[in-house]
Amino acid sequence: MFKAFQSRKSLKVYCLQDSVEDDRSRLINEARSAVAENLIAAGIEEKVALSISENCPHFIEKLMERANEADEILGWANLSLGAEEEGSSTYGLVKSVKLSDPELWCVVLEFVGVRAQAVTRISHVLSTSTLTEFLKKVNFVEEFLNRAQLDGQLFESKVYQMMRRLSVYAYEDVQHTLSFFEKMAAQRGGIALLASAHVAVARLVEGFPHIFLRDLDVELKSVLTFLETIGVPDESLGRVIVLFPPVLLCDPHRDLQARLRTLKKIGVRARDLGRLIVRYPWLLSETAQNNVDELVEFLISVKVPKGDIDRSITACPQLLGCSTIRTLQPMVERMNKLGVKSKRLGYVIAASPQLLVRTPDEFNEVMNFLLKIGVEEKHLGGMLKRHPGVFASDVKSVLEPKVQFLRQLGMKEELLFRVLRFFPEMLTMRIDSLRSRVKYLQDEGFHNEVICCMICRFPPLLSYNPESVLKPKLEFLVNSMGRSIYEVVEYPRYFSYSLEVKIKPRARVIKLRQVKCSLREMLHLNDDQFASKFFGVSRLLVPPS
C-alpha cells in the first residue's frame, strides 16, 4: 500500500512538472507571437519577424518576467478589493503587450548578435534609422563577408602583423580600428571570431554603428563598387572591410580617390592598387596618406634608386604604416653595422623592402640562426648583400625547414654553412621545389651522398627546374655526347650553361675535331680561351648547325 501511495505521489509530481513545462512553453510561444506582431506592425516582413522572434531568447525571457510581475500585482489588487482569484492572466498580458521603439531595437539587435551590454548604446545611435533599413544593411554586409570565406587563424595572424608593424602616428580612422581589434582580442575566441560573417557583422554594429546609418545604395554600395573598379576582387571585399571598417565611412570620390592619387604620383601603377589594398587595407587610411611624402624622402636618403621607390612600396605596402625614426632608421643602422652602406644599401632595400619593417628581435633571430648553423659573423653582411630576402624571412616557417632538409639528405654540418653562405637563396626556396629536384636526381640513379657532393661543388644545383633544365641537359650529355652520367658529379656546374648557346655548339666542335676533354675544360673557358687552348687560334670558329 505504501508503494502504491509513493507511486501515486510520484505520478502527481511528474504531472505537475509536465503542467509547469507546458505552461512555460505556451507562455514562450505567446511572447514570441507578441514580439512578431509588434515587428510586423513596425514594417518588417512576416517571415523575417517570425525569425527574429524565435532568435531573441533574452528579450523573450524579460518579457515573460515582466508579464509575471504584472500578473502578481493584479492578483494582489484583486485580493485587496475582496475579489476572488480567477487564475493567471499572464497569457493575456503577454499577448496584448505593446513594445516601444527602444524595445524593438533591443529585439532586433539581439537577433543580429549584438551583446547585451552594448544594446542600449547602439539602439540610441541607430534610433534615427528604421528597423527595416537597418536589417537590409545588415543582410548586405553579411552577404559580401560570407563571400570572403576567411580562415580564422590566418586572419588573426594578419591583424596582429598589421598592428605590430604600425609605428607611425595613427589618425582617428586607424585608432578606431586598433581599438576595435584590441576589444576583439580581449574576448573569448579572440580576433579569429571575425572569420564568421555573422559574428563580424554583429561586432561591426557594436564597433562602427555609424556605418549602418549610411544610405545603402548611394553610400555603402558605392564604396564597394569603387574598390572593385580599382581591382579589388569580389571575394576579397569582405577581408578588406573587416581589416579596415572605416573605409565604409569614406566618400569614394572625395576621400579614397585623393589618397590613391598620392600613390600614383610616386609611381605606383593603377593596375597594382587593388592587389596592394588586399595586402594592406590601411593604405586607404588618412594615417598612411599622411606618411607618403616622409617615406619617399627617407627612401631617397638611403640611396634607393628613384625608379625602385614605387616598386619598394608595391612589394611592401606596410612601409606606409612605419615611422622613419622609430622603425626604418634603426633597421638601416643595423644593416650598416653588417657592412651594408651607401649605394649598396639602397640596392639591398630595393631588393627586399620587407627588411625595413622587421623588428629588431626578428632581425636578431635570423642572425642568431645563421651563426648557430656555422656562418661566421664576418660573412653575414655578404649574405645580406647577396640575398636580402633571407633576413626578411621567418626562421621557423621558412629557414629552419631548408636546413633540416639538407641534414636529412646527408649534408655534413661542416659543409652545410658553406653551401648556404655561397647560395643563401636556397633558404628561401619552396621546400616542395627542393624535394622535387632531389627526387629527379635520385630517380636518375644519384645516391644522396652523391647529390650532397654535387650541391657542395655547385650550391645553386637545386635551383634548376627538372623538366626544363636538368632533364634535357642530362639527356644531351648521355645520348648526344656519349658521356657518362656521372661526369656531372665532378662538374655539376654543367647545368648552369645554356644548352643551345654553349653546350651544343662546343659539343659539335669537339666531336668534329675529335678532341678529348672533361666537361670543365669544355665549358668553363670563354670562347677565345677555348680556341686558344685546343686549336691554337685566337678565335673559335663555330661551324653552322
Side-chain angles (χ1 to χ4, degrees), residues 24 26-74 89-142 145 176 179-180 183-184 187 193 197-220 245-246 248-249:
R24 177 172 175 77
R26 285 196 296 272
L27 190 56
I28 289 173
N29 289 333
E30 288 289 343
R32 287 174 176 169
S33 297
V35 168
E37 288 175 6
N38 276 267
L39 291 171
I40 293 169
I44 296 175
E45 294 180 9
E46 182 178 354
K47 183 179 178 180
V48 177
L50 290 173
S51 178
I52 293 173
S53 67
E54 291 173 1
N55 291 279
C56 56
H58 292 98
F59 186 84
I60 293 296
E61 195 66 35
K62 286 183 179 180
L63 187 60
M64 290 165 56
E65 289 175 3
R66 192 169 74 186
N68 284 327
E69 289 174 1
D71 185 42
E72 288 181 8
I73 292 172
L74 185 60
S89 60
T90 303
Y91 299 116
L93 290 170
V94 169
K95 193 171 183 180
S96 62
V97 70
K98 172 70 175 174
L99 300 181
S100 64
D101 287 344
E103 287 175 325
L104 288 173
W105 273 108
C106 288
V107 171
V108 171
L109 290 174
E110 182 183 347
F111 167 73
V112 169
V114 175
R115 291 167 296 177
Q117 62 268 32
V119 164
T120 302
R121 174 178 62 86
I122 302 304
S123 62
H124 178 72
V125 174
L126 297 176
S127 60
T128 57
S129 177
T130 65
L131 293 172
T132 53
E133 286 299 314
F134 171 71
L135 288 172
K136 284 180 183 178
K137 295 166 192 174
V138 166
N139 290 335
F140 170 73
V141 174
E142 188 167 353
L145 289 183
H176 196 169
S179 175
F180 173 68
K183 290 176 182 177
M184 284 299 306
Q187 296 177 28
L193 290 173
H198 179 71
V199 174
V201 170
R203 298 301 168 262
L204 287 175
V205 172
E206 292 180 18
F208 300 87
H210 289 90
I211 288 174
F212 297 87
L213 289 176
R214 306 203 81 200
D215 185 273
L216 177 59
D217 295 314
V218 176
E219 295 175 311
L220 294 182
L248 289 176
L249 295 169

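Contacts of E46 classified as salt bridge (charged side-chain N to carboxylate O under 4.0 Å, His left out), with partners at least two apart in sequence or in another chain: none. Residues passing the side chain to side chain donor-acceptor pair (under 3.5 Å) test with S33: none are found, sequence neighbours excluded. Under the ring-ring contact (aromatic ring centres under 6.0 Å, His included) criterion, F59 pairs with no residue, sequence neighbours left out. With sequence neighbours left out, H124 forms a side-chain contact (heavy atoms from CB on, under 4.5 Å) with no residue at all. When the ring-ring contact (aromatic ring centres under 6.0 Å, His included) test is applied to F208, the partners found at least two apart in sequence or on another chain are H176, F180. Qualifying side-chain contact (heavy atoms from CB on, under 4.5 Å) partners for V48, counting only residues two or more places apart in sequence or in other chains: I44, E45, I52, L135. The side chain to side chain donor-acceptor pair (under 3.5 Å) search around T128 returns none, not counting sequence neighbours. When the side-chain contact (heavy atoms from CB on, under 4.5 Å) test is applied to D215, the partners found at least two apart in sequence or on another chain are D217, V218, E219. Residues that satisfy the side chain to side chain donor-acceptor pair (under 3.5 Å) test with S127, not counting sequence neighbours, are absent from this structure. Remark: H58 pairs with E110 by the side chain to side chain donor-acceptor pair (under 3.5 Å) rule, at least two apart or across chains. By the salt bridge (charged side-chain N to carboxylate O under 4.0 Å, His left out) test, E61 is found to be paired with R24, residues two or more places apart in sequence or in another chain being considered.
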Quiz prompt | Stepwise side-chain contact (heavy atoms from CB on, under 4.5 Å) check, V108 with L39 | solution = CA-CA 9 Å; V108 171; L39 291 171; 4.1 Å; yes
Quiz item: V125 and L213: side-chain contact (heavy atoms from CB on, under 4.5 Å), yes or no, with the steps?
Solution: CA-CA 9 Å; V125 174; L213 289 176; 4.2 Å; yes
Quiz item: Taking it one step at a time, do W105 and V119 satisfy side-chain contact (heavy atoms from CB on, under 4.5 Å)?
Solution: CA-CA 8 Å; W105 273 108; V119 164; over 6 Å; no
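A salt bridge (Lys or Arg N to Asp or Glu O under 4.0 Å) check over residues 113-141, counting only residues at least two apart or in different chains, returns the pairs R115-E206, E133-K136.
Here the side chain of N38 pairs a donor or acceptor atom with the backbone of L99 at under 3.5 angstrom.
The line from CZ of R32 to CG of N55 is 8.0 Å long, rounded to the nearest 0.5 Å.
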